[in-house]
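What follows is a short report on a single structure.
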2 protein chains.
Amino acid sequence: MQKKDINGLTEQEFLDKYDPTMFERLSMSVDTVIFSIDTKLQTSNYRKLDDQKLTVLLVKRNEHPFLEHWSLPGGFIGVREAPAKAARRVLRNKTGLDDLYIETLGTYGEPDRDPRMRIISSTYLSLLDRDKFKLQASPYVADSAWFEVEVTDRELVLCGEGQQLVIPYEKAAIRNGKIKTVEYQVTESNPLAFDHGKILLDGLMRLRHKIDDTDIVFNLLPEEFTITQLQQIYEIILGGKLLAPAFRRKIAPKLQETGRYVQEKGHRPSQYFMYKE
Amino acid sequence: MQKKDINGLTEQEFLDKYDPTMFERLSMSVDTVIFSIDTKLQTSNYRKLDDQKLTVLLVKRNEHPFLEHWSLPGGFIGVREAPAKAARRVLRNKTGLDDLYIETLGTYGEPDRDPRMRIISSTYLSLLDRDKFKLQASPYVADSAWFEVEVTDRELVLCGEGQQLVIPYEKAAIRNGKIKTVEYQVTESNPLAFDHGKILLDGLMRLRHKIDDTDIVFNLLPEEFTITQLQQIYEIILGGKLLAPAFRRKIAPKLQETGRYVQEKGHRPSQYFMYKE
DNA sequence: TGAATAGTGTCTGTCAGACATTATGGG
DNA sequence: CCCATAATGTCTGACAGACACTATTCA
């Protein structure tokens, strides 16, 4: 099609003359909120079940700004790289894993979120099966570790590497036209780098919401698992207790029996199940 | 804190020396998917109810590339402007409205999505009350108009300005770890500019999902409305019929009676309701 | 046998689907 | 009275909450 614009140019002529520096440009990064489940072995009593904790992957910065602060794994988006690809690259570099569940979380771009310059961050949410995962050392960061996540009404507490990072937050009601929505606001001064406290909190809330209209939890579990393990994950993520009979009924259609049972516990052995469909 | 990095610099020294051109930069835009409801007056039979249609706002480009193609309203993000602010600015410029429901939709950044240069787009979803809305002419676009949205299994059809834009799509199952998710793929050659066909489709699916776990529909309606109007909107967005008694029961807790009734129709008058809480 | 957990049975109240019925206004 | 839509009544089956009960293993 040889349509001409107001300057009498065809599309090809226009593109040949186009000056990409006409508009000011900026940098873009990706940051990833990577959740997993950590099983705490119960050595005190062989009869007790192992405790499960929700964990999130953090890396310790070895550069300014926020030198030695913990942060979400992230990196710059290449000039010829799609954002989701960049997120997968970051995950691959930090964890050695491909082919993860990855989902867009949001765009964070307050002008002052990075003291160096204007950087807009596209963020992603991911969930790892703890059995397949192997944390690798990376030259880009001082350290990386899983932090246990505990949430209350007012704060998010991250525990790991002998440290405890406390991120206070507030639930704010935002009015959008006639309806109200809730937004989580994190105070400026929190131990995480940049606005990563806010991103992490948003990721957690997204996870809570996603858990009961998708099957993402199964990406947190090994191939075979017991219903109790599964229920514990729901409880950890949703932050409350669930009744076993109701839970079993609801989850049953998604489960496949294996006929194999947990051994060597001082109580009735539980069956291993697999994800079905 | 006067921590020094591997080059022996404090944070202030590091920032003073920081060269923002060290990493290649790119441009960012926002694009907005703005839905509304259009009431078609039923002039043929005074007894019939007015028909309601889901509509989306499109603008006609007056520049290369995609000269004279219809596209979603959008614009570049300023270097000191937050993305959500940019989306609100775009909406304000096109519609004269502030204070809308606005929600992040996703980030679109395939390297070749814009033939001029690398542009990553942050997209937003919005819903307008048709009563408060006034479409304004803008010097930045050749035309702007509401297009009626019709969806089938295979295509999205947009009707407006005497034109019919057909956007074929396919539902693709994407495997993410153990679970499957659905993704909507739009063919390259469709009448909308850039990847706006895909963005619009994603926006519609998000809207469908949002409709039954938030109260966003009420932002599409005037202050007072009948339950049938409300039900029609659900039907339009979800793409199917609902049973009146069940719908009334479910929606009742969110409604406030007004005691006022629709006049001058040849059937039992329906009561006007308001959104409650 | 008792501790600890796995798993089932069942009562009850709520609620959605389905369909029938009544209400109302204007020609 | 008929048309067209508004609004309610009610039967039924599915299902979640709640709690009691049975099953299994090992020290």
Side-chain angles (χ1 to χ4, degrees), chain A residues 39-52 211-213 221-222 224-236 238-274 276, chain B residues 39-52 211-213 221-222 224-236 238-274 276:
Chain A
T39 302
K40 290 261 180 211
L41 293 173
Q42 269 290 355
T43 49
S44 58
N45 184 337
Y46 81 103
R47 282 179 162 176
K48 289 269 189 190
L49 287 176
D50 298 333
D51 228 21
Q52 294 191 110
I211 198 175
D212 41 38
D213 56 37
L221 284 163
E224 301 191 354
F225 50 84
T226 67
I227 294 186
T228 306
Q229 282 183 305
L230 184 61
Q231 184 177 337
Q232 281 184 357
I233 293 181
Y234 272 84
E235 289 173 347
I236 290 164
L238 295 176
K241 286 284 166 197
L242 299 174
L243 289 166
F247 182 77
R248 298 180 90 87
R249 275 193 305 245
K250 183 144 74 177
I251 213 75
K254 292 175 187 168
L255 297 180
Q256 174 72 53
E257 294 188 38
T258 66
R260 280 179 288 281
Y261 292 82
V262 174
Q263 303 293 330
E264 298 176 359
K265 287 280 184 181
H267 50 75
R268 177 171 175 175
S270 57
Q271 189 173 177
Y272 283 116
F273 288 83
M274 291 173 65
K276 185 167 77 180
Chain B
T39 302
K40 290 259 182 209
L41 293 173
Q42 269 290 357
T43 48
S44 59
N45 185 337
Y46 81 100
R47 281 180 162 178
K48 289 267 188 191
L49 286 176
D50 299 333
D51 227 19
Q52 293 190 112
I211 198 175
D212 41 38
D213 55 40
L221 286 163
E224 300 191 355
F225 49 85
T226 68
I227 293 186
T228 305
Q229 281 182 307
L230 184 60
Q231 184 176 338
Q232 280 183 358
I233 293 180
Y234 272 84
E235 288 173 347
I236 290 165
L238 296 175
K241 285 285 166 194
L242 299 174
L243 288 165
F247 182 77
R248 299 181 89 86
R249 275 193 303 244
K250 185 144 72 176
I251 213 74
K254 293 175 188 170
L255 298 180
Q256 174 71 52
E257 296 189 38
T258 67
R260 280 179 288 280
Y261 291 83
V262 175
Q263 303 292 332
E264 297 178 1
K265 288 279 183 180
H267 50 73
R268 178 171 174 178
S270 57
Q271 190 174 175
Y272 283 116
F273 288 83
M274 290 173 67
K276 184 167 77 180

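In what follows, every chain begins at residue 1, and chains take the letters A, B, ... in the order their sequences are listed. Only heavy atoms go into these numbers, but all of them, side chains included; no hydrogens, no water, no symmetry mates. None of these values were measured; they are calculated from a predicted model.
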Handout entry: Nearest-nucleotide pick for B/L243, side chain only, options being D/dT8, C/dG17, D/dG17
Key = C/dG17
Practice task
Find the distance B/Q232:CD to D/dA6:C1' and express it as a whole number of Å.
Solution key: 13 Å
Exercise for the section: Rounded to the nearest angstrom, tell me the gap between atom CZ in A/F247 and atom P in C/dT5. Expected result: 17 Å
Practice task
Mind calculating the distance between CD (A/Q229) and C1' (C/dG7) to the nearest angstrom?
Solution key: 16 Å
Completion exercise
Heavy atoms of B/D50 and B/Q232 approach each other most closely as O-OE1, 3.6 Å
Exercise for the section: Rounded to the nearest angstrom, tell me the gap between atom CZ in B/R268 and atom P in C/dG27. Expected result: 19 Å
Practice task
Describe the nucleic acid contact of A/Q263 in one word from base, sugar-phosphate, nothing, applying a heavy-atom distance below 4.0 Å.
Solution key: nothing
Handout entry: Interatomic distance, A/K250 NZ vs D/dC15 P [rounded to whole Å]
Key = 12 Å
Completion exercise
Among the nucleotides C/dC19, C/dG7, C/dG17, whichever has the atom closest to the side chain of B/A246 is C/dG17
Exercise for the section: Only one of A/K254, A/Q256, A/E257 passes side chain to side chain contact (heavy atoms under 4.5 Å, CB included) with A/K276; say which it is. Expected result: A/Q256
Practice task
Can you tell me the distance, in whole Å, between the CD atom of A/E257 and the C1' atom of C/dG7?
Solution key: 11 Å
Handout entry: Integer-rounded Å distance: D/dA16 P and A/K241 NZ
Key = 20 Å
Problem - A/F225-A/F273 aromatic ring centre distance below 6.0 Å - result: no
Fill in the blank from the handout: With the side chain defined as heavy atoms from C-beta on, B/H267 is closest, among D/dT8, D/dA6, D/dA18, to D/dA6
Practice task
Using only side-chain N and O atoms of B/R248, determine if any of them is under 4.0 Å from OP1 or OP2 of D/dA7.
Solution key: yes
Exercise for the section: Spell out yes or no: do the side chain of A/R249 and the base of C/dT10 have one donor N/O and one acceptor N/O closer than 3.5 Å? Expected result: yes
Problem - B/E224 and B/R260: CA distance, side-chain angles, deciding distance, side chain to side chain contact (heavy atoms under 4.5 Å, CB included) verdict - result: CA-CA 9 Å; B/E224 300 191 355; B/R260 280 179 288 280; 2.4 Å; yes
Exercise for the section: Specify the separation, in whole Å, of atom OH of A/Y261 and atom C1' of C/dA6. Expected result: 10 Å
Handout entry: B/Y272 ring center near B/Y261 ring center (under 6.0 Å)
Key = no
Exercise for the section: Please state whether the phosphate of C/dA6, meaning OP1 or OP2, lies under 4.0 angstrom from any side-chain nitrogen or oxygen of A/T228. Expected result: yes
Exercise for the section: Measure from the side chain of B/P269, starting at C-beta and using heavy atoms only, and say which of C/dG25, D/dA7, C/dA18 lies closest. Expected result: C/dG25
